[in-house]
Each structure stands twice: as C-alpha cells, then as structure tokens.
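Counting convention: from 1, in listed order, for ligands and their atoms alike.
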Amino acid sequence: MELSDLKRVIQGIPKAELHLHIEGSFEPELMFEIANRNAIALEYDSVESLKKAYTFSNLQEFLDIYYLGAQVLIHERDFYDLTWAYLCKVHRQNVVHVEVFFDPQTHTDRGIGFDVVINGIYKALEKAKQEFNISYKLIMSYLRHLSEAAAFKTLESSLPFKHWIDGVGLDSSEMGNPPSKFVKVFEASANHGYKLVAHAGEEGPVDYIWEALDLLNVVRIDHGNRCLDDEALVQKLREHKIPLTLCPLSNVALKVIQNMEDHPVLKMLDKGILATIHSDDPAYFGGYMNENYYETAKALNLTKDQLMQLAMNAFEASWLSPEGKEKHILQVKKYFNTLNV
Ligand code: ADE
Ligand code: ZN
C-alpha cells in the first residue's frame, strides 16, 4: 500500500482504544491553561520547553514527568476538560469504543477527592456517548510503586462509584513491583465485581506476565511485549485467547524497543496471539490511535489483512457484549471489503 493511501485507510477504520491513561492524554497546551486558571506554577515556562523535556530513557523518567503534569488537576472541571479533549481528538480519528484508565492515587494522594476525579471523567464519557456515539468502559488503576494497603484504600473509595467502574488495572513502575505484591487486593476487587487487567512485561520479565495471569487472574495483559521470550506462555496466550494491548509509540519512546522495526506485534499476530494496538499516553509519546497504527504499519509493512486483523482483535479483546463485538467486527470487515487499494 502507498504511504499516502495508508493514512487514509487507517483514518477510516472503526477503531477501539483499550489502553489509554487519561492522565497521559494531557496535552501541554491544556496543561498550561489549567495550571493558569488554578494559579499553579509549572516547572517549565512555556509549552515548547515542556515539550523539550519529553525525551525518555526508560519508563521511570516518563513517569516522573507524567505525575508532575497531573498535579495541576484540581477541580472536577479539570478532569472533565482533560477527558473531553481526549474524546474529541479520538472521535476525529474514528475511534468508536474506548476503555480508559485513570490513576486515582495520583490525585487522592494530593488531597483531591475520589469523587472529584471520577465525576469529571464520567461526565465527559457520558457526553461523548450521547454526542459521538462512543461507547466506553472505565478502569481504575492501582499504582504498583505504592503498597497493597494503599490499593485497598483506593478500592474502598471506589465502592460508592462501583456502577461507573468496569475494572481495575495495575500500572506505574514495573521493575521491583511484581504482580504478586497485589494478589489480595485483586482478589477483593474481583469479589466486588471488577474485571481485572495488569501492565506486565513492558520493562519487566516474562515472570511478571505469568504472575499477572496465574496469581492475579487478569483477563488481559497491558503491553506483554516480553511474552515472545517464552514459548509456553505464547501457547497459553493463544489457547486462552488472552489479549495483549500493545502500544508501539510508547515502546519506542520509553526504549522498550530501539526501533519501530523491532516491534513484536507482527510476530505475535503470526503466532495467533490476540494482539491489539493502542496509544498508552498519547500526549507524551507522539501520537494517538491513527499515528500508532500508521507508524507500526509503515515500519513493519503491514498488509491490509493484518491491519484488519488488528482492528478486529481490538473489538474482540474489548469488554463490549458479544453482540456489540459482533456489530463492530462486521463494520471493520465491511470497511475493508469496500477499499480499493
Ligand atoms: N502509567 C502511564 N503509562 C504507563 C506505562 N506505559 N507503564 C506503566 N505505567 C504507566
Ligand atoms: Zn499503560
């Protein structure tokens, strides 16, 4: 496919985003606007100087700046504006279903109420459902650099809003914070009806993916890049159709891989793994859904069929109802059938 066709083709694909941290969609322009109205001084004096700081050697360097940016979010309106800006952006990219992570502890540890955070996010998601027909799920993530006791407190705070939250996740600094640290709180979360996912095998070893599956009982792995190191794991992922939500631009930005050409997604598809493509923290890593699809397709020479497979996989991996999945998958197939490239 010509590169000029590729952009147009990707734009038209109905897409599902399953791995997106709402705090990671905080564009510098909006960050400055909200910082100004909350009278908070950022460490950077302009959008340009902030953007210059967005070069990372590893996950931790990114997280340090990501948590700093989130500190300007104080009021419900701030969380609403953040979420609404993301939804407007992806609506223009023909994203029709989103499953959004938020990190309550990043805010509650600064004295912001759990209710303030979730009310803002929820209202924007509902508005996008009404105005854009975007369906959504909401996932509360525990910060793994904090204790399991702290995660339990977050679980407790979430319970009055349980009807708005579909699942829990595990994110932040992976190395040294294995899934096994959170066994009890994941079990308790499941008992409250939450679905379970966890970041694993992004920087961490393949053992962390096994732990997320065998000890936490997650239904999906976020990233999971390292799974190809272990043939038995590949077999398990394939047999149980356990999805991997991959984030190619994130992987390059955080040096999980050196070049996009090294991205494992194609090998995963070839092995029959339910691999999917998402944006992680698009404001920091240089692109939203379309850009992740485009850069991956360009670097790996993905065919039309492989692009279609990725798009269908995302709906299959989603938490939509069987009918909802079927409807979107049919639309993806129809779209590719009508293409003349
Ligand atoms: N929080 C936001 N983005 C993350 C990532 N890529 N890995 C772990 N935690 C995160
Ligand atoms: Zn992530």
Side-chain angles (χ1 to χ4, degrees), residues 16-27 31 54-71 73 79 82-83 86 90 98-109 117 121 137-146 150-151 154 167-179 181-182 196-205 208-209 211-212 216 218 220-227 243-257 263-265 275-289 291-292 314 317:
E17 166 108 282
L18 308 181
H19 185 159
L20 176 279
H21 303 266
I22 200 63
E23 295 88 350
S25 72
F26 205 0
E27 291 288 348
M31 195 182 289
Y54 291 0
T55 51
F56 314 108
S57 316
N58 53 44
L59 174 60
Q60 193 58 51
E61 284 187 13
F62 155 68
L63 290 170
D64 291 343
I65 207 159
Y66 160 87
Y67 293 130
L68 214 63
Q71 287 183 15
L73 299 162
F79 292 94
L82 170 68
T83 310
Y86 164 72
V90 296
V98 295
E99 301 191 358
V100 172
F101 288 113
F102 72 116
D103 289 341
Q105 289 155 297
T106 300
H107 314 296
T108 52
D109 283 5
V117 178
I121 296 172
K137 306 286 174 188
L138 187 55
I139 312 173
M140 165 177 91
S141 233
Y142 301 126
L143 297 182
R144 70 202 305 159
H145 67 273
L146 302 178
T154 303
V168 303
L170 187 64
D171 64 5
S172 194
S173 321
E174 188 179 13
M175 295 303 287
N177 295 298
K181 183 174 157 187
F182 296 92
L196 310 175
V197 296
H199 283 52
E202 179 184 15
E203 281 188 342
Y208 284 21
I209 305 178
E211 283 190 15
L216 301 187
V218 300
R220 210 158 70 190
I221 296 284
D222 296 308
H223 297 294
N225 289 53
R226 300 288 297 274
C227 75
L244 300 184
T245 63
L246 300 160
C247 305
L249 283 173
S250 163
N251 295 154
V252 174
L254 301 186
K255 311 288 188 296
V256 168
I257 53 173
H263 201 277
V265 64
T276 63
I277 286 188
H278 310 287
S279 70
D280 209 8
D281 302 283
Y284 292 89
F285 301 148
Y288 288 73
M289 284 290 281
E291 292 79 15
N292 272 279

Ligand 1 N/O within reach of S172 N/O, cut-off under 3.5 Å: yes

Centroid separation F62 to Y284 less than 6.0 Å: yes

Pair E99 + R220: basic N to acidic O under 4.0 Å: yes

For ligand 1, which part of [X] has a heavy atom less than 4.0 Å away: the side chain, the backbone, both, or neither?
X: H223; result: side chain
X: E202; result: side chain
X: L63; result: side chain

No-hydrogen, no-angle side-chain donor-acceptor test under 3.5 Å, H278 and T245: no

Q105 side chain to L143 backbone, donor-acceptor under 3.5 Å: yes

Main-chain N/O of L18 paired to K137 side chain as donor or acceptor, under 3.5 Å: no

Enumerated ligand 1 atoms positioned under 4.0 Å from heavy atoms of F62: 2 (C), 3 (N)

Protein contact to atom 3 (N) of ligand 1 [nearest heavy atom, distance to 0.1 Å]: D281 OD2, 2.7 Å

Nearest-contact summary for atom 6 (N) of ligand 1 - protein heavy atom, Å: D280 OD2, 2.7 Å

Nearest-0.5 Å distance that lies between atom CG in D280 and atom CG in N251: 8.0 Å

All ring-ring contact (aromatic ring centres under 6.0 Å, His included) counterparts of H107, not counting sequence neighbours: F79

With sequence neighbours excluded, residues passing ring-ring contact (aromatic ring centres under 6.0 Å, His included) with H199: H19, H21, F101, H223

Number of protein N, O or S atoms [distance to the Zn ion (ligand 2) under 2.8 Å]: 4

For D64, side-chain contact (heavy atoms from CB on, under 4.5 Å) partners two or more places apart: Q60

